[in-house]
Amino acid sequence: MQRIAVFASGRGSNFEAIAAAAERGDLPAEVALVVSDRPDAEVVARAARRGIDCFAFSPKEYASKADYEREIVARLDAAGISLVCLAGYMRLVGETLLEAYGGRIVNIHPSLLPAFRGAHAIEQAIAAGVKVFGVTIHEVDASLDGGRILAQRAFEYDGGNRAEIERRIHEVEHGLYVETIRWLLTSE
Ligand code: GAR
């Protein structure tokens with residue numbers, strides 16, 4: 001059974017979908033570790049409820065990104081992680097983590113990349129007046145949301161109701177992330 005890690009900074013609904021799928025046997029993997037850069041994030045409590053190990057850290061308590069990423073790499077190594085899934089991890093992955101786990105890190109992003117990179121993708125899409133929204137899963141490299149695209153799914157929506165758009169994005173994300181992780185774990 002492969003062991004995966006989920007990184008998140010916030011609510012953790014994608015973590016929940018992945019962990020639930022693994023528990024149901026819909027993924028040939030176990031979520032063995034959660035990493036969060038916000039000890040007070042909802043995802044930390046969700047991990048505890050599921051009895052999944054969690055490394056929650058405050059970046060400001062480390063001298064540099066390299067320092068906290070060294071600690072993350074040590075935790076990933078110790079847990080025997082073969083795939084890292086970023087799910088609302090709102091930090092750029094740095095050199096230290098990429099050197100150790102490059103090619104084994106994927107991210108989910110709430111837009112049809114390469115449109116609307118960065119932290120405010122949904123707001124950018126609304127401001128641009130798009131009529132088709134979507135989600136992308138991509139490999140993580142040193143660029144901002146620029147790694148090789150692995151999967152995308154779109155839906156039509158004409159309107160500016162942010163809460164409704166976010167609800168539909170999450171709905172798409174939860175299914176697409178589980179499908180893509182399954183594909184990645186079984187196609188190697
Ligand atoms: C997701 O919609 C994800 O696509 C987005 O954060 C949300 C996390 O939701 N990620 C980014 O914006 C990355 N730039 P969740 O905590 O409920 O899974």
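Quick note: numbers below take in every heavy atom, side chains included, and nothing from hydrogens, waters or symmetry partners. Counting begins at 1 with the first residue of the sequence. Just so you know, ligand 1 is whichever comes first in the structure, and atom 1 is the first atom listed for that ligand.
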Novice: Using heavy atoms and a 4.0 Å limit, tell me yes or no: is E16 in contact with ligand 1?
Specialist: no
Novice: For A119, is at least one N or O under 3.5 Å away from an N or O on ligand 1?
Specialist: no
Novice: Quick check: does D145 get an N/O under 3.5 Å from an N/O on ligand 1?
Specialist: no
Novice: For atom 12 (O) of ligand 1, what's the nearest protein heavy atom and its distance?
Specialist: P110 CD, 3.4 Å
Novice: Applying a strict 4.0 Å limit to heavy atoms, is M90 in contact with ligand 1?
Specialist: yes
Novice: Output yes when a side-chain donor or acceptor of S82 lies under 3.5 Å from a complementary backbone atom of Q2, and no otherwise.
Specialist: no
Novice: What are the atoms of ligand 1, with element, lying closer than 4.0 Å to any heavy atom of G118?
Specialist: 14 (N)
Novice: Indicate the ring-plane relationship of H170 and H174, choosing parallel, tilted or perpendicular according to the 30° and 60° boundaries.
Specialist: tilted
Novice: Measuring from I122:CD1 to F133:CZ, what's the distance to the nearest 0.5 Å?
Specialist: 8.5 Å
Novice: Determine whether any heavy atom of S9 lies closer than 4.0 Å to an atom of ligand 1.
Specialist: no
Novice: Is a side-chain donor or acceptor of S111 paired with a backbone partner of F116 at a separation under 3.5 angstrom?
Specialist: yes
Novice: Look at ligand 1 and say whether A8 reaches it with a heavy atom at a distance under 4.0 Å.
Specialist: no
Novice: What protein heavy atom sits nearest atom 17 (O) of ligand 1, and how far off is it?
Specialist: S13 OG, 2.6 Å
Novice: By number and element, which atoms of ligand 1 are closer than 4.0 Å to a non-hydrogen atom of G88?
Specialist: 6 (O), 8 (C), 10 (N)
Novice: Does S36 use its side chain to pair, donor to acceptor, with the backbone of A8 at less than 3.5 Å?
Specialist: yes
Novice: For H109, take its heavy atoms, then give the atoms of ligand 1 lying under 4.0 Å from any of them.
Specialist: 4 (O), 13 (C), 14 (N)
Novice: With a 6.0 Å cut-off on ring centres, are Y157 and F155 close enough?
Specialist: no
Novice: With nothing but distance in play, are any N or O atoms of H170 less than 3.5 Å from an N or O of ligand 1?
Specialist: yes
Novice: Which protein heavy atom lies closest to atom 1 (C) of ligand 1, and at what distance to 0.1 Å?
Specialist: E173 OE1, 3.2 Å
Novice: Around R148, counting heavy atoms of other residues, nucleotides and ligands shown, do more than 12 lie under 6.0 Å from its CZ?
Specialist: no
Novice: State, yes or no, whether a side-chain contact exists between S58 and D37 at a heavy-atom distance under 4.5 Å.
Specialist: no
